[in-house]
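Here is the naming used below: chain letters follow the sequence lines, and residue numbers restart at 1 for every chain.
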Number of protein chains: 4
Amino acid sequence: MEQPRSSGADSGDGAADDPRAGGRGKAPRTERGRRTLRKLLDAAAVEFGEHGFHEASISAITRRAGTALGSFYTYFDSKEEIFQALVRYMSEQLRDHVTPIVQAAPDEIAAEHAGLHSFLGFVREHKEIYRIIDEAEFVDYASYRRHYETTVERMRQRLAAGAARGEIRPDAGEVHAWAIAGMNVFLGMRYGLWDADADIDAVARIANDLLANGLAKKG
Amino acid sequence: MEQPRSSGADSGDGAADDPRAGGRGKAPRTERGRRTLRKLLDAAAVEFGEHGFHEASISAITRRAGTALGSFYTYFDSKEEIFQALVRYMSEQLRDHVTPIVQAAPDEIAAEHAGLHSFLGFVREHKEIYRIIDEAEFVDYASYRRHYETTVERMRQRLAAGAARGEIRPDAGEVHAWAIAGMNVFLGMRYGLWDADADIDAVARIANDLLANGLAKKG
Amino acid sequence: MEQPRSSGADSGDGAADDPRAGGRGKAPRTERGRRTLRKLLDAAAVEFGEHGFHEASISAITRRAGTALGSFYTYFDSKEEIFQALVRYMSEQLRDHVTPIVQAAPDEIAAEHAGLHSFLGFVREHKEIYRIIDEAEFVDYASYRRHYETTVERMRQRLAAGAARGEIRPDAGEVHAWAIAGMNVFLGMRYGLWDADADIDAVARIANDLLANGLAKKG
Amino acid sequence: MEQPRSSGADSGDGAADDPRAGGRGKAPRTERGRRTLRKLLDAAAVEFGEHGFHEASISAITRRAGTALGSFYTYFDSKEEIFQALVRYMSEQLRDHVTPIVQAAPDEIAAEHAGLHSFLGFVREHKEIYRIIDEAEFVDYASYRRHYETTVERMRQRLAAGAARGEIRPDAGEVHAWAIAGMNVFLGMRYGLWDADADIDAVARIANDLLANGLAKKG
DNA sequence: AATGAATGAGAATTCATTCAT
DNA sequence: GATGAATGAATTCTCATTCAT
């Protein structure tokens with residue numbers, strides 16, 4: 001079965017510092033323009049997060065941004081384009097939130113614990129980011145795949161490094177990485193997104209223990 | 001953050017087997033009507049699977065079904081309603097495919113292996129089902145939650161039973177169930193949906209081993 | 001210099017009887033539909049004739065036709081499409097008006113006289129037709145060329161027949177036909193369109209005499 | 001039937017040679033300004049010639065001219081105004097090309113031959129000029145009429161002079177002039193614009209012979 | 001029940017023109 | 001004068017839903 005969904009252009013890897021810079025929309029050349037572009041992106045994040053891609057309208061975005069409708073098209077060619085820019089931006093924000101915490105962990109098992117824990121916290125704080133990335137599956141399939149493939153690849157490398165250091169089983173590979181990613185995402189949805197009162201610490205602990213020791217009964 | 005997405009009315013639980021029952025369009029009274037309803041559901045499954053909810057149009061569905069546009073409203077009140085009916089139907093199909101296989105397993109670890117394996121096979125055979133259920137997150141949130149909550153609850157009960165039988169760790173609970181579900185779904189996406197050539201047997205084996213024994217290095 | 005104007009599909013030669021039938025828009029299948037289609041075409045003729053293609057709006061057309069805006073799209077895919085249908089229709093109307101008159105003429109010189117005379121009368125009665133066909137040069141180039149190439153070709157055949165019958169110079173050919181056509185069109189514009197009081201009979205007589213005898217001074 | 005098309009203000013007659021004069025944008029006072037104005041006019045000629053008035057955009061013109069969008073309005077009040085300036089300018093260019101050639105002819109018949117011949121050559125060299133003038137019928141009706149009325153009036157005076165000199169029939173008048181103009185324009189379109197390979201010399205010869213001697217069969 | 005035409009609210013998008021720098 | 005961002009009216013087109021037959 002084919003998949004003729006919109007995919008959008010893959011505009012390279014994005015500049016490093018200001019994630020809203022190069023590659024997204026038409027770059028503003030004045031300070032005023034830069035301000036407007038930022039207002040639009042912020043407004044779009046809120047609109048898409050609250051109403052989803054299809055219910056969000058460009059006029060609602062510009063209304064929220066406090067700009068004229070036409071100004072949107074100064075920076076983006078379409079609703080799809082700003083969505084794509086947003087997915088990339090949020091994917092980077094998530095990575096920037098999680099990465100340092102993970103890297104500070106003493107070993108690989110602890111790293112995965114830290115990763116899940118910080119992810120759960122992030123989801124709870126930024127529900128709209130979770131939503132936007134998830135909806136990309138149906139709006140901008142290429143961005144969606146890029147996000148998860150990138151994320152999982154980072155995780156796979158961590159596993160490989162941990163295995164090399166002898167911290168975890170030596171055969172840990174891609175399948176394990178996808179499995180862990182899926183676990184994290186579902187726990188994020190269930191306990192970060194749906195259940196405002198869930199004990200995130202406990203969830204992360206339980207899941208990490210499952211990961212570390214599996215289901216098998218201990219002697 | 002609010003969640004004001006359209007969610008559709010949750011029309012009770014509807015009997016499982018009779019396709020004329022609640023949740024699947026207005027019951028037709030003649031044989032001819034029953035045929036039309038079935039044609040519409042089949043056509044909608046293909047359309048939604050191929051183009052997604054928003055790109056699919058009622059007229060495309062009726063065109064594919066070979067019925068008049070107006071006939072659609074003889075059986076469904078809205079586009080959302082047929083989507084909802086479909087989600088429920090596919091959720092049941094998936095369950096009906098997996099359940100007997102899982103139940104035939106000798107113990108809980110084997111059951112989870114069988115569950116993942118049959119899920120991977122099912123996804124590969126019925127990609128549109130995966131898509132429709134997943135898109136429900138953005139079209140009919142209630143159906144989406146119902147599907148996963150039901151699915152995970154079944155899994156939790158299995159874990160509890162397995163624990164009671166002493167096959168797995170005694171503390172296996174809801175968090176474990178969500179973790180396993182997420183793992184399965186992501187592996188289904190990655191290896192069932194995206195990668196037509198993946199070795200599904202190997203994937204299921206690796207994942208089940210992770211589940212059974214965890215990441216920790218074995219003596 | 002290229003000519004990337006819209007040209008529209010050339011949908012064959014058009015059915016014979018009802019010029020609004022086959023080939024244009026989506027054919028209505030009910031009597032009611034046929035009425036609506038006709039109302040739209042009539043309204044479009046008036047709008048395009050009065051305001052030109054670009055100033056005319058689809059909503060103005062449907063308002064004048066007394067239909068809903070959306071009904072337009074039941075029969076036409078775009079403003080260009082109805083314009084194209086109209087050009088063809090008007091080209092045929094003009095031909096149907098002129099042809100029998102020309103054919104009744106006793107010889108070729110008289111035929112050209114009758115042709116110009118009836119054309120002048122037609123332009124004066126149906127200014128909007130003249131406008132629509134002329135504007136096609138900038139809206140639907142293919143239709144424009146088709147109209148004139150068809151018209152001139154008919155004229156060329158008349159000249160050839162007249163020459164064969166020995167009524168006019170034997171070398172009369174394509175260039176003569178284009179020359180006569182241009183003459184007719186400009187006289188139509190100047191005396192049919194611009195000058196409501198012009199003596200059309202006199203104009204036709206003078207032009208036909210020029211055609212018949214040229215500029216050269218008579219003995 | 002009314003004729004409420006936009007026609008633009010007819011800003012007097014404007015001197016002929018100085019491009020800074022009336023009708024061609026607001027007079028720049030510096031050399032730099034004069035250069036910008038010229039660049040805009042050149043760019044507009046190409047854009048209008050290639051895409052027509054409605055498809056051409058101010059931003060495309062300024063982009064091509066290498067100026068800022070806003071600079072356009074330093075020199076012109078509107079899109080219509082630059083179009084009007086262009087029509088006048090091109091009308092003059094055409095006249096300046098044809099007039100000396102016509103005036104060098106020994107008699108009136110030869111003059112019309114030279115006129116058509118040089119017109120055909122000019123059209124082939126400057127297709128965009130033909131297009132712009134022709135489109136004026138639908139953009140700036142006043143300019144369009146002025147162009148043809150002026151052109152035909154010049155021709156009428158030539159005919160009158162030729163008749164006075166006894167070179168052609170004494171009754172040659174306005175109708176003849178419009179007829180000849182139409183002939184020329186259509187031959188220009190057919191053989192100058194559409195048919196890049198046409199033998200322009202032959203066309204001019206055939207048409208001039210028609211003009212000189214008419215259709216009637218010679219003894 | 002079936003048919004297919006009619007409806008109209010709603011959305012995206014364009015671009016001439018204005019304005020602040 | 002030059003620049004380029006901002007503006008917003010206007011337009012086309014879509015499509016779920018309703019209705020007359």
Nucleotide [N], atom [atom2] - distance to [atom1] of [X] in whole Å:
X       : N      : atom1 : atom2 : result
C/Ile61 : F/dT12 : CD1   : P     : 8 Å
B/Arg63 : E/dG4  : CZ    : P     : 13 Å
D/Glu31 : F/dG1  : CD    : P     : 12 Å
B/Ile82 : F/dA16 : CD1   : P     : 12 Å
B/Lys39 : E/dA1  : NZ    : P     : 14 Å
B/His51 : F/dT14 : NE2   : P     : 15 Å
A/Leu37 : F/dG4  : CG    : C1'   : 15 Å
D/Arg34 : F/dA2  : CZ    : C1'   : 17 Å

Between C/Tyr73 and F/dT14, is there a side-chain N or O to OP1/OP2 distance below 4.0 Å? no
E/dA2 phosphate, OP1 or OP2: any side-chain N/O from B/Tyr75 under 4.0 angstrom? yes
Ion pair present between A/Glu31 and A/Arg34, side-chain N to carboxylate O less than 4.0 angstrom? yes
Report the relative orientation of the aromatic rings in B/Phe72 and B/Phe76; use parallel for angles under 30°, tilted for 30 to 60°, perpendicular for over 60°. tilted
Let me know, please, whether B/Phe53 or A/Arg29 comes out on the 5' side of the other along DNA chain F by nearest nucleotide. A/Arg29
First encountered from the 5' end of DNA chain F, between D/Phe72 and B/Phe72: D/Phe72
Pairing string, 5' to 3', for DNA chain E - Watson-Crick or wobble contacts under 3.5 Å, brackets [ ] where pairs cross, | to another strand: .||||||||||||||||||||
Qualifying residue for side chain to side chain contact (heavy atoms under 4.5 Å, CB included) with D/Tyr75, from D/Thr67, D/Leu40, D/Ile82, D/Leu41: D/Leu40
Can you tabulate the close N/O pairs, meaning under 3.5 Å, that link protein atoms to atoms of nucleotides 8-11 of chain E?
unit_1	atom_1	unit_2	atom_2	d
E/dG8	N7	C/Gly70	N	3.2

Apply side-chain contact (heavy atoms from CB on, under 4.5 Å) to [X] and list each qualifying residue two or more places apart in sequence or on a separate chain.
X       : value
D/Asp77 : D/Lys26, D/Glu81
A/Phe53 : A/Phe48, A/Lys79, A/Glu80, A/Phe83, A/Glu135, A/Val139
D/Ser57 : D/Ser59, D/Ala60

If each of C/Thr36 and A/Ser78 is mapped to the nucleotide of DNA chain E with the nearest heavy atom, which maps nearer the 5' terminus, i.e. the 5' end? C/Thr36
Rounded distance [0.5 Å steps], CG in D/Asp134 versus OH in D/Tyr144: 5.5 Å
Any heavy-atom pair between the side chains of D/Glu128 and D/Val46 that's under 4.5 Å? no
Could you name each residue pair satisfying salt bridge (charged side-chain N to carboxylate O under 4.0 Å, His left out) that touches residues 56-69 of chain C, not counting sequence neighbours? C/Glu47-C/Arg64, C/Glu50-C/Arg64
